[in-house]
Number of protein chains: 2
Amino acid sequence: MIPLANKKDLKPEDFPSDIEGLRMTRQRREVLAVILRDRDHPTANDVFRRAQDRMPTISLATVYNCLEALVSHNIVRQVNLDRESSRYCPNLSDHCHFQDESSGKIHDVVFKEGVKLEDILELPKGTEISHLDISLKGNFGNK
Amino acid sequence: MIPLANKKDLKPEDFPSDIEGLRMTRQRREVLAVILRDRDHPTANDVFRRAQDRMPTISLATVYNCLEALVSHNIVRQVNLDRESSRYCPNLSDHCHFQDESSGKIHDVVFKEGVKLEDILELPKGTEISHLDISLKGNFGNK
DNA sequence: TTTCGAATTAGAATAATTCCAAATTCCGGC
DNA sequence: GCCGGAATTTGGAATTATTCTAATTCGAAA
């Protein structure tokens with residue numbers, strides 16, 4: 001179900017040649033590897049700089065192309081907080097994002113067991129949800 | 001608590017000279033009046049075009065300035081969906097946003113009675129939430 | 001009425017992202 | 001292995017929303 005979620009140390013060249021119907025090119029492997037390795041919700045530009053370590057000729061446009069391909073094939077998730085640049089996240093399970101205001105860092109937060117949207121929101125009957133985005137900002141108590 | 005939420009038909013010139021500690025200039029009144037009148041979550045540019053009807057000399061920069069002043073004084077709320085331009089909303093009560101994928105229109109959705117965040121999310125004890133954003137995308141069933 | 005800080009303005013600047021057209025790579029069939 | 005068409009990559013230009021800047025205007029208080 002989340003085939004790649006735990007493959008933190010898989011080398012790019014070991015990825016299968018096709019993931020979720022997406023042909024894995026050299027660049028796409030590299031971009032994906034960066035996102036799986038450093039799970040700190042990097043921006044496109046972060047990914048670009050990191051990918052350059054192993055692939056100095058990769059271009060920013062390609063990073064954007066790869067990210068869009070990976071996102072549209074549900075291999076990685078795009079995270080938007082306010083008007084900041086998009087960030088990318090290899091965690092595909094249902095979760096939301098908490099931004100610590102003192103560090104700016106983003107943490108994944110999961111739902112409590114058994115929570116369903118219909119229990120929380122007044123939605124017209126029959127409403128179909130295709131995307132859900134929850135983001136929080138605040139501070140951890142122990143500070 | 002939500003002093004302006006229902007003042008749909010208040011004329012700009014009738015606004016008090018100070019709202020939530022913000023001095024109400026001619027331009028700020030006009031911008032606020034537009035947001036209170038048309039509750040369709042306009043973008044800054046929408047607000048600009050509408051404000052020009054009654055105030056042809058207002059500038060886009062001013063609209064941005066006014067919006068930022070109104071938002072930071074908690075008089076209107078800024079709504080960000082994905083990477084689209086920010087939208088503005090006079091509804092200050094706790095609610096979230098549902099974007100109908102077929103029309104693009106945005107609807108307010110409220111929480112069910114008594115729902116609390118701590119009941120829904122696995123948050124480290126003591127976490128303080130300063131901002132919460134929930135947005136949904138999908139379709140109404142009856143279509 | 002004068003004054004002074006705040007607000008407004010037009011236009012330039014910025015930043016993230018997308019677009020474009022050319023060059024390269026990939027892959028199946030010969 | 002070689003060829004052709006399709007997909008991908010690339011650098012740079014273009015776009016878009018928003019912010020910045022510096023000059024001007026406004027407006028409340030003295």
Side-chain angles (χ1 to χ4, degrees), chain A residues 12-13 15-34 41-52 54-73 75-88 104 106, chain B residues 12-13 15-34 41-52 54-73 75-88 104 106:
Chain A
E13 54 274 26
F15 287 132
S17 65
D18 181 298
I19 300 181
E20 304 277 323
L22 180 68
R23 208 174 103 203
M24 291 307 284
T25 63
R26 231 155 46 83
Q27 287 80 346
R28 286 175 185 161
R29 282 167 212 270
E30 190 56 44
V31 165
L32 177 55
V34 166
H41 301 87
T43 64
N45 205 52
D46 293 335
V47 173
F48 173 53
R49 282 188 289 96
R50 294 174 193 176
Q52 282 185 311
R54 289 170 45 90
M55 191 181 274
T57 61
I58 197 171
S59 77
L60 180 56
T62 299
V63 170
Y64 273 102
N65 289 340
C66 293
L67 289 171
E68 123 76 18
L70 293 168
V71 167
S72 67
H73 284 74
I75 301 169
V76 312
R77 181 165 158 194
Q78 183 173 26
V79 177
N80 298 308
L81 299 178
D82 298 329
R83 309 246 74 235
E84 295 177 16
S85 358
S86 290
R87 296 169 175 279
Y88 298 86
I106 293 162
Chain B
E13 53 274 27
F15 287 132
S17 66
D18 181 298
I19 300 181
E20 305 275 325
L22 180 67
R23 210 176 104 205
M24 291 307 285
T25 63
R26 231 154 45 83
Q27 288 79 346
R28 286 174 186 163
R29 281 167 213 271
E30 191 55 43
V31 165
L32 178 54
V34 166
H41 302 87
T43 63
N45 204 54
D46 294 334
V47 173
F48 174 51
R49 282 187 288 96
R50 294 174 193 176
Q52 281 184 312
R54 288 169 44 89
M55 192 180 275
T57 60
I58 197 172
S59 77
L60 179 57
T62 298
V63 170
Y64 272 103
N65 289 341
C66 293
L67 288 170
E68 122 76 17
L70 294 168
V71 168
S72 67
H73 284 74
I75 300 167
V76 312
R77 180 166 160 193
Q78 182 173 25
V79 177
N80 298 308
L81 299 178
D82 298 333
R83 308 246 76 234
E84 294 176 17
S85 356
S86 289
R87 296 169 175 280
Y88 298 86
I106 293 162

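A note on names: the letters A, B, ... follow the listed sequences, proteins ahead of strands, and every chain is numbered from 1. For the numbers below, each heavy atom of this structure counts, side chains included, while hydrogens, waters and symmetry mates do not.
- Spacing between atom CD of B/Gln52 and atom P of C/dT9 amounts to 10 Å, rounded to whole angstrom units.
- B/Asp18 places its CG atom 11 Å from the P atom of C/dA7, with the value rounded to the nearest Å.
- Enclosure of atom CZ in A/Arg26 is not indicated, since only 12 or fewer non-hydrogen atoms of other residues, nucleotides or ligands lie within 6.0 angstrom.
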Taking protein heavy atoms under 4.0 Å as touching, what does nucleotides 5-21 of chain D look like 5' to 3' if B marks base contact, S marks sugar-phosphate-only contact and - marks none? --SSBBBB----SBBB-

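- A side-chain donor-acceptor contact under 3.5 Å links A/Arg29 to the backbone of A/Met24.
- Partner of B/Val76 under the side chain to side chain contact (heavy atoms under 4.5 Å, CB included) criterion, out of B/Val31, B/Leu70, B/Val47: B/Leu70 alone.
- Judged by distance alone, with hydrogens and angles left aside, the side-chain atoms of B/Thr62 form no donor-acceptor pair with the main-chain N or O of B/Ile58 at under 3.5 Å.
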Verdict with supporting geometry, A/Arg28 and A/Leu22, side-chain contact (heavy atoms from CB on, under 4.5 Å): CA-CA 9 Å; A/Arg28 286 175 185 161; A/Leu22 180 68; 3.4 Å; yes

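- Rounding to whole angstrom units, CG of residue A/Asp46 and P of C/dT17 are separated by 11 Å.
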